[in-house]
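Every heavy atom of this structure was used, including side-chain atoms; hydrogens, water molecules and symmetry mates were not. Numbered from 1 within each chain, the chains take letters A, B, ... in sequence-line order.
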Number of protein chains: 2
Amino acid sequence: MTAVRPRTRARRGEGSKLREVILDTAERLLIEARDADAVSMRAIADAVGVTPPSIYLHYADKEALIRAVCERSFAAFDEVVERAGNTTDDPVESLRRRARAYVQFGLDNPEQYRILFMGKAAGVADPIDLSNMPGSLAFLHLVEAVERAIGAGLLRPGLEPFLVATGLWAAAHGMTSLLISLPEFPWPDVDTLVDHVCESMTYGLGRPDQRKQAQP
Amino acid sequence: MTAVRPRTRARRGEGSKLREVILDTAERLLIEARDADAVSMRAIADAVGVTPPSIYLHYADKEALIRAVCERSFAAFDEVVERAGNTTDDPVESLRRRARAYVQFGLDNPEQYRILFMGKAAGVADPIDLSNMPGSLAFLHLVEAVERAIGAGLLRPGLEPFLVATGLWAAAHGMTSLLISLPEFPWPDVDTLVDHVCESMTYGLGRPDQRKQAQP
DNA sequence: CTGCTAAGTGAACGCCGTTAAGTGACAGGG
DNA sequence: CCCTGTCACTTAACGGCGTTCACTTAGCAG
């Protein structure tokens with residue numbers, strides 16, 4: 001019962017203003033409910049002050065609306081991570097700051113993160129367009145950051161940047177994902193965890209003197 | 001249309017046999033649909049050969065039934081990972097084999113994994129009982145495996161086994177989770193990825209000579 | 001055979017996402 | 001000033017969902 005039909009009809013040619021209002025409202029309800037299934041089209045329509053079919057004038061279906069919400073939330077994702085990475089000149093420290101920013105951003109937008117990165121796989125019928133995903137650009141920038149670290153001689157030469165970036169992404173995502181889905185686990189402090197994992201991946205958990213072989 | 005009411009009423013005292021039949025059927029439909037939402041109680045009842053209310057004689061609600069399916073699928077999880085870890089005497093190699101087994105088990109039971117480890121956080125009202133989760137025992141065993149590796153002098157002394165185990169878990173989960181949710185990403189071969197991440201976490205991505213400091 | 005009770009069924013409730021058809025207001029032309 | 005087209009929306013409904021309640025039927029003990 002947030003706003004029950006106070007809305008006045010839009011003027012001619014301004015029908016698409018409703019699109020924005022719906023998006024804002026859906027985002028608010030999604031954040032409040034922390035669960036897309038618990039946000040019904042009817043509830044969104046009610047909160048906007050409109051009837052349910054009006055939503056379909058602007059969004060094909062519920063999934064499209066929810067995805068629009070998530071994509072807008074994550075529009076700033078790449079930029080935030082990039083900015084965090086650019087606060088230092090040390091390419092390895094930069095990677096650590098990127099990881100921190102990644103995890104924090106996910107935790108700040110948990111349901112959106114869950115829908116975008118932890119949802120059910122798209123069917124073979126309508127596969128996700130990876131290139132349009134908000135995270136794609138961020139991943140490309142991560143690959144570049146890895147290349148800089150290798151180029152600076154701080155990571156082992158010969159490492160494949162793509163493979164390294166994929167591994168770093170998986171590690172950051174793993175922390176984010178588990179923190180979102182299993183909050184009752186006795187997690188250490190988030191930054192402690194992120195720093196530990198970055199430290200592990202940079203310097204290794206193994207004793208240097210026990211090192212068997214360093215692959216190229 | 002898999003089996004439309006061929007079922008004969010159970011004998012007296014054997015009502016709980018239906019419980020197992022429902023569980024088997026729900027598991028089958030869940031695997032087929034790869035999506036719990038797409039498996040309706042009515043569809044399960046139909047496939048069993050029974051009416052929907054009968055399910056509620058054995059399971060409180062749909063969530064309880066689906067969770068029962070997932071928990072049964074993951075009953076063998078800890079054992080599988082342990083067995084994989086016990087195929088070598090080298091404690092570090094053992095960790096790598098555990099990671100491989102973890103990821104593979106998740107990929108073999110993707111929807112169950114997604115529900116158990118990538119679901120929405122339980123509300124504050126009814127928090128998940130972590131100690132009863134199938135993964136809890138596996139995590140404890142992972143902590144022990146880490147302790148053995150430290151005890152054998154293969155990992156840096158002074159490392160906190162719990163923190164290390166949490167980081168390894170996050171890394172393994174991150175790969176599993178992303179592989180499940182974003183199959184259209186150009187993933188490297190799964191074992192290549194797992195091995196790379198394990199290698200990174202063991203020996204580090206950094207050049208040994210560039211090492212700054214080794215935290216205790 | 002009778003009666004008890006376990007093992008189900010039938011029918012309904014209120015919700016959901018979605019669609020087809022209808023309506024009313026407003027801008028522009030005559 | 002009124003007519004008319006069309007844009008912005010509503011009304012009403014469909015089929016499906018999880019779930020509940022009242023009811024019935026079938027197997028067994030006595």
Fill in: Any donor-acceptor N or O pair under 3.5 Å, side chains D90(B), T88(B)
no
Item to complete: For S136(A) and L130(A), indicate whether the former's side chain and the latter's backbone hold a donor-acceptor pair under 3.5 Å.
Response: yes
Worksheet item: What integer distance in Å separates I44(B):CD1 from dC17(D):C1'?
Response: 12 Å
Discussion item. Rounding to an integer number of Å, can you tell me how far D46(A) CG sits from dT11(D) P?
Written reply: 12 Å
Discussion item. Rounded to whole Å, please give me the gap between NZ in K17(B) and P in dA6(C).
Written reply: 18 Å
Worksheet item: Between F77(A) and Y113(A), is the ring centre distance below 6.0 Å?
Response: no
Worksheet item: Quick one: is dT10(D) close enough that its OP1 or OP2 comes under 4.0 Å of any side-chain N or O from S54(A)?
Response: yes
Practice prompt. Assess the side chains of R97(A) and T87(A): does a donor N or O sit below 3.5 Å from an acceptor N or O?
Written response: yes
Discussion item. Nearest whole Å is fine: how far is dT10(D) C1' from I55(A) CD1?
Written reply: 13 Å
Worksheet item: Between H58(B) (NE2) and dT19(D) (P), how many Å, whole number?
Response: 16 Å
Discussion item. Just the rounded figure in Å: distance from C1' of dC21(D) to CG of L57(B).
Written reply: 12 Å
Show each protein N/O and nucleotides 17-21 of chain C N/O combination with a separation under 3.5 Å, one pair to a line.
residue : atom : partner : partner atom : Å
dG17(C) : OP1  : M41(A)  : N            : 3.2
dG17(C) : OP1  : K62(A)  : NZ           : 2.9
dG17(C) : OP2  : M41(A)  : N            : 2.8
dG17(C) : N7   : R42(A)  : NH1          : 2.5
dG17(C) : O6   : R42(A)  : NH2          : 2.9
dT18(C) : OP2  : Y56(A)  : OH           : 2.8
dT18(C) : OP2  : K62(A)  : N            : 2.8
dT18(C) : O5'  : Y56(A)  : OH           : 3.3

Discussion item. Just the rounded figure in Å: distance from P of dG18(D) to CG of L65(B).
Written reply: 10 Å
Worksheet entry | Any donor-acceptor N or O pair under 3.5 Å, side chains H58(A), S16(A) | no
Worksheet item: Strictly under 6.0 Å, is that where the ring centroids of F105(A) and F74(A) end up?
Response: yes
Show which side-chain atoms of residues 186-194 of chain B pair as donor or acceptor with protein atoms under 3.5 Å away, not counting sequence neighbours.
residue : atom : partner : partner atom : Å
W187(B) : NE1  : L182(B) : O            : 2.9
D189(B) : OD2  : D191(B) : N            : 3.2
D189(B) : OD2  : T192(B) : N            : 3.1
D189(B) : OD2  : T192(B) : OG1          : 3.1
D191(B) : OD2  : R100(B) : NH1          : 3.0

Worksheet item: Below 4.0 angstrom, N of the basic side chain to O of the carboxylate: do E82(A) and R98(A) qualify?
Response: yes
Can you name the atoms? Protein N/O to nucleotides 22-29 of chain D N/O, anything below 3.5 Å, with the distance.
residue : atom : partner : partner atom : Å
dT25(D) : O2   : R9(B)   : NH2          : 2.7
dG27(D) : N2   : R12(B)  : NH1          : 2.8
dG27(D) : N2   : R12(B)  : NH2          : 2.4

Discussion item. Determine whether the aromatic ring centres of residues W169(A) and F185(B) are separated by less than 6.0 angstrom.
Written reply: yes
